[in-house]
Amino acid sequence: MEQILATVVQRDPEQREFHQAVGEFLATLAPVLERRPEYRRQALLERLVEPERMILFRVPWMDDQGAVHVNRGYRVEMSSAIGPYKGGLRFHSTVNLSIIKFLAFEQVFKNSLTTLPLGGGKGGADFDPRGRSDAEVMRFCQAFMAELFRHIGEDTDVPAGDVGVGAREIGYLFGMYKKLRNKFTGALTGKGLAWGGSLIRPEATGYGVVYFAAEMLATRGETLAGKRCLVSGSGNVAQFTVEKILQMGGKALTMSDSCGYVYDEAGIDAAKLDCVKAIKNIRRGRLQEYCQYFPDAVYVPVDPASDSNPLWRHSADCALPGATHNEINGLDAQHLVDGGVRLICEGANMPSTPEAIAVFRGNNVLFGPAKAANAGGVAVSGLEMAQDSMRLSWSRDEVDARLRAIIHGIHHTCLDAAAAYGQEGDYLAGANIAGFVKVASAVLDQGLV
Ligand code: NDP
Ligand code: 2IT
């Protein structure tokens with residue numbers, strides 16, 4: 001394992017996020033490789049850490065003042081072992097190849113856990129839609145798709161949303177894709193309901209995270225009712241995480257954006273959540289506005305350079321990070337444990353650093369790793385693909401029931417895989433092992449390709 005990681009690091013020394021994702025994964029797989037020597041002989045891990053294909057492209061576009069900008073576009077097609085490449089697009093100024101590769105790597109094993117026939121990929125651009133007009137975002141999406149369209153398709157590679165890519169961006173991307181191909185197909189998910197989208201897809205990631213948290217709590221005979229929850233982020237995942245916490249009788253105390261967080265001791269109720277949705281989705285503003293409407297809440301600006309985030313210092317029962325990678329470091333994790341948190345359920349991808357995970361595992365905290373806990377989003381994307389190919393759409397209740405069943409299944413799969421390899425109760429090991437074994441056997445069956 002050390003040798004494989006060393007090769008990954010040596011090959012791309014600057015790709016720290018990718019090294020972190022691979023390192024965290026490999027650290028849990030030793031029991032599998034001991035039992036399956038053919039995986040080593042067939043260099044399975046060496047193959048899985050190298051993307052099948054990486055596409056990098058120039059995205060030139062014009063802003064409202066007539067100035068020309070050039071961004072960089074990415075699509076990393078990591079594995080097609082069990083289905084067409086599938087995974088979101090991220091538009092954010094921090095996007096680089098390391099981040100897209102880490103997300104694509106995670107996606108492969110997450111998608112495997114869903115039980116649906118989905119390979120793994122991820123893409124995006126170092127373009128920030130924040131502060132841009134709708135017309136600028138449209139021109140950017142069209143320029144991005146003018147290259148991406150030749151690489152994707154409903155049976156090849158099916159992108160969706162991620163940070164900075166929501167319903168508006170998927171609309172512009174889909175419109176350009178359809179025009180260039182002259183075909184109406186489900187080559188993107190997260191589409192609008194009137195044009196091939198699935199009910200519950202916007203809610204799916206956040207709802208799924210809370211369903212997974214409820215499954216973990218049930219193993220200790222507990223429910224979410226009355227639980228005090230710290231949530232980070234205020235985008236798609238965080239909004240529907242809070243919505244489902246409320247529906248399950250829990251209390252959400254915090255939400256955040258990249259500038260700071262709000263702490264609302266009375267709890268963020270349904271009306272307050274509607275206000276957050278209006279601030280973030282319609283006005284595309286800053287969360288700080290929340291305190292203008294609800295002055296009893298506290299807004300705390302966060303300095304990204306500080307050694308810990310005060311959001312994680314509030315006492316609570318559960319924490320559901322839903323903003324971004326590495327948002328909980330070792331010190332934050334210790335604050336969470338000291339503040340009484342007994343459950344972490346990851347909505348964001350890789351929100352906990354390796355040091356944070358070590359703190360959680362050392363303190364008997366229920367730890368739901370991202371690739372299991374946030375798989376509800378891509379699972380409902382898979383259901384959207386199924387509905388598109390059947391040319392029909394399921395009701396809200398039907399999709400939600402399927403989502404619940406998939407999350408219930410993932411929870412079981414994680415525990416079963418962990419137990420089968422002597423790691424009882426370890427969701428991280430279970431998710432990695434179960435996700436890996438399925439992909440690995442598909443790769444072996446298909447020969448050296
Ligand atoms: P959104 O763009 O809807 O929201 C992102 C939220 O996180 C915003 O509140 C944003 O603040 C904040 N944020 C983004 N980058 C940073 C940063 N560098 N530091 C601090 N805060 C930041 O994205 P999503 O809700 O879709 O995604 C959130 C996380 O969930 C990501 O890790 C994503 O990969 C993961 N995820 C998303 C899925 C989906 O279906 N959308 C599925 C599974 C996982 P601001 O408004 O200031 O930018
Ligand atoms: O990280 C993720 O799983 C997503 N951004 C959703 C991907 C998808 O294809 O729905």
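Both ligands and their constituent atoms are indexed starting at 1 by order of listing. Please read all numbers here as calculations on a predicted model, not as lab measurements.
Taking every heavy atom of Ala348 and a limit of under 4.0 angstrom, the matching atoms of ligand 1 come to 29 (C), 30 (O), 32 (O), 35 (C). Those atoms of ligand 2 that come under 4.0 Å of a heavy atom in Lys86, given as number and element, are 8 (C), 9 (O). If you number the atoms of ligand 1 from 1 as listed, the ones under 4.0 Å from a heavy atom of Arg201 come out as 40 (O). The distance from ligand 1 to the heavy atoms of His92 drops below 4.0 Å at these ligand atoms: 15 (N). Each of the atoms 8 (C), 9 (O), 10 (O) of ligand 2 lies under 4.0 Å from some heavy atom of Ser381. When each atom of ligand 1 is checked for a heavy atom of Gly322 under 4.0 Å away, the hits are 28 (C), 29 (C). Contact atoms of ligand 1 toward Gly347: 30 (O), 35 (C), 36 (N), 44 (C) (distance under 4.0 Å to a heavy atom of the residue). Atom numbering of ligand 1 starts at 1 in the shown order; those under 4.0 Å from a heavy atom of Val237 are 24 (P), 25 (O), 26 (O), 27 (O), 30 (O), 36 (N), 37 (C), 38 (C).
The part of Thr205 lying near ligand 1 is the side chain, judged by heavy-atom distances below 4.0 Å. By the criterion of a heavy-atom distance under 4.0 Å, neither the backbone nor the side chain of Met385 is placed next to ligand 2. Looking at Ser256 against ligand 1, only its backbone comes within 4.0 Å, counting heavy atoms. Contact annotation: for Lys371 versus ligand 1, there are no heavy atoms closer than 4.0 Å. For Asn349, every heavy-atom contact with ligand 2 shorter than 4.0 Å involves the side chain, none the backbone. Contact annotation: for Arg286 versus ligand 1, heavy atoms closer than 4.0 Å belong to the side chain alone.
Phe144 and Phe91 have their aromatic ring centers within a separation under 6.0 angstrom. Ring-centre distance between Tyr211 and His408: not below the 6.0 Å cut-off. Tyr85 and His151 have their aromatic ring centers separated by at least 6.0 angstrom.
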Under the side chain to side chain donor-acceptor pair (under 3.5 Å) rule, what do Thr189 and Lys86 come out as? Steps first, then yes or no, please. CA-CA 9 Å; Thr189 61; Lys86 179 82 195 91; 3.0 Å; yes
Can you list the steps and then say if Glu265 with Arg228 is a salt bridge (charged side-chain N to carboxylate O under 4.0 Å, His left out)? CA-CA 10 Å; Glu265 177 60 37; Arg228 289 161 58 85; 3.2 Å; yes
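At a 3.5 angstrom cut-off on N or O pairs, Ala160 does not count as close to ligand 2. Here's the thing with Lys280: one of its N/O atoms is less than 3.5 angstrom from an N/O atom of ligand 1. Taking distance alone, with nitrogen or oxygen atoms compared against 3.5 Å, Gly161 stays at or beyond that limit from ligand 1.
Here OH of Tyr290 is found 13.5 Å from NZ of Lys280. Values are rounded to the nearest 0.5 Å. In this structure, the separation between CD on Glu77 and CG on Asp157 is 4.5 Å, given to the nearest 0.5 Å.
Distances from ligand 2 to the non-hydrogen atoms of Arg90 include no value under 4.0 Å. Look at Ala375 and you'll find every heavy atom at least 4.0 Å from all atoms of ligand 2. In this structure, Gly164 counts as a contact residue of ligand 1, since one of its heavy atoms falls inside 4.0 Å of the ligand. Proximity of Arg90 to ligand 1 is established by a heavy-atom distance of less than 4.0 Å. Residue contact annotation: Lys122 has a non-hydrogen atom under 4.0 Å from ligand 2. Using a 4.0 Å cutoff on heavy atoms, Thr94 does not count as a contact of ligand 1.
Looking only at heavy atoms of the protein, atom 6 (C) of ligand 1 is closest to Gly235 N, 4.0 Å. If you check which protein heavy atom lies closest to atom 6 (C) of ligand 2, you get Arg201 NH2, 3.5 Å. For atom 41 (N) of ligand 1, the closest heavy atom belonging to the protein is Asn236 OD1, 3.6 Å. Nearest non-hydrogen protein atom to atom 23 (O) of ligand 1 is Val163 CA, 3.4 Å. The single protein non-hydrogen atom nearest to atom 9 (O) of ligand 1 is Ser234 N, 3.0 Å, given as residue, atom name and distance. For atom 7 (C) of ligand 2, the closest heavy atom belonging to the protein is Gly88 N, 3.6 Å. Atom 3 (O) of ligand 2 has Lys110 NZ, 2.7 Å as its closest protein atom, hydrogens excluded (heavy atom only).
Using a 4.5 Å cut-off on side-chain heavy atoms (C-beta onward), Asp317 and Leu343 make no contact.
Of the listed options Ala323, Gly206, Gly260, Ala323 places a heavy atom closest to atom 13 (N) of ligand 1. Counting only non-hydrogen atoms, the option in Asp162, Thr189, Asn236, Thr114 that gets closest to atom 5 (N) of ligand 2 is Asp162. Looking at Lys122, Arg130, Met255, Lys110 and measuring to atom 48 (O) of ligand 1, the nearest heavy atom belongs to Arg130.
A pairwise comparison of heavy atoms in Ala379 and Leu116 identifies O-CD1, 3.3 Å as the closest pair.
The ring pair (Phe, Tyr, Trp, His ring centres under 6.0 Å) with Phe184 is formed by just one residue from the set Phe174, Tyr177, Trp195; it is Phe174.
Classification of Asp64 and Arg139 as a salt-bridged pair holds, one side-chain N sitting under 4.0 Å from a carboxylate O.
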